[in-house]
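One structure is given here, and the rest of the page talks about it.
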Amino acid sequence: MNIVGEYEYSSKDMLGHGAFAVVYKGRHRKKYMPVAIKCITKKGLIKTQNLLGKEIKILKELTELHHENVVALLDCKESQDCVNLVME
Ligand SMILES: Nc1ncnc2c1ncn2[C@@H]1O[C@H](COP(=O)(O)OP(=O)(O)OP(=O)(O)O)[C@@H](O)[C@H]1O
């Protein structure tokens, strides 16, 4: 299991991948609430660091709307190799 703050995921549980990241199905370590954990590798992030900052800012703003059609950003943690965004 890979630990991301209060959350965890197994590398076997991939949900999908995009241009910059791989997304895994994870869960809260105590409450077992299911989450999606988006892992953005730092390799190649230098060029896109501005974009990442913008994405995190937008996700935080959207989360404040508490809208049923908008996934909330639950946590954001940096590890040695990647930036992990924990989402609904
Ligand atoms: N919150 C989520 N819950 C469930 N699945 C998700 C979630 N976020 C992403 N995914 C899955 O992971 C895939 C990749 O998502 P990601 O956000 O990395 O890229 P994208 O939005 O598809 O494309 P791009 O990299 O161009 O933004 C999605 O297509 C979807 O299948």
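Every number for a ligand or one of its atoms is a count from 1 in the order of the listing. Since this is a predicted model, take the numbers as computed values, not measurements.
- Each of the atoms 1 (N), 2 (C), 3 (N) of ligand 1 lies under 4.0 Å from some heavy atom of Glu88.
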Chi angles and distances behind the side-chain contact (heavy atoms from CB on, under 4.5 Å) call for Leu85, Leu73:
CA-CA 7 Å; Leu85 305 184; Leu73 178 67; 3.9 Å; yes

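- Across all non-hydrogen atoms, the minimal contact from Asp75 to Lys77 is OD2-NZ, 3.3 Å.
- Atom 13 (C) of ligand 1 has its nearest heavy-atom neighbour, among Glu55, His17, Lys38, in His17.
- Within the structure, ligand 1 lacks Lys25 among the residues with a heavy atom less than 4.0 angstrom away.
- Per-atom contact check: atom 5 (N) of ligand 1 touches the protein, criterion being a heavy-atom distance below 4.0 Å.
- The protein atom (non-hydrogen) at minimum distance from atom 15 (O) of ligand 1 is Val23 CG2, 3.7 Å.
- If you check which protein heavy atom lies closest to atom 19 (O) of ligand 1, you get Gly18 CA, 3.4 Å.
- In terms of protein heavy-atom proximity, atom 2 (C) of ligand 1 is nearest to Ala36 CB, 3.4 Å.
- Of all atoms in ligand 1, numbered sequentially from 1 with element shown, those under 4.0 Å from a heavy atom of Leu15 are 4 (C), 5 (N), 31 (O).
- Scanning all heavy atoms of the two residues, the minimum distance from Val22 to His17 falls at CA-CB, 4.1 Å.
- Each of Val4 and Met87 belongs to its own hydrophobic cluster when Ile, Leu, Val, Met, Phe, Trp and Tyr are linked at side-chain heavy-atom distances under 4.5 angstrom.
- Within a 4.0 Å radius of atom 28 (C) of ligand 1, the protein contributes no non-hydrogen atoms.
- Tyr24 approaches Met14 most closely through the heavy-atom pair CD2-CA, 3.7 Å.
- Checking Thr63, Leu62, Ile56, Ile58 one by one against Lys60, the side chain to side chain contact (heavy atoms under 4.5 Å, CB included) holds for a single residue, Ile56.
- For the side-chain hydrogen bond (donor to acceptor under 3.5 Å, both in side chains) with Asn2, the lone residue among Ser11, Ser10, Ser79 that qualifies is Ser11.
- Between Tyr9 and Ile37 the shortest heavy-atom distance is CD2-CD1, 3.6 Å.
- For atom 8 (N) of ligand 1, the closest heavy atom belonging to the protein is Met87 CE, 3.6 Å.
- Closest protein heavy atom to atom 25 (O) of ligand 1: Ala19 N, 2.6 Å.
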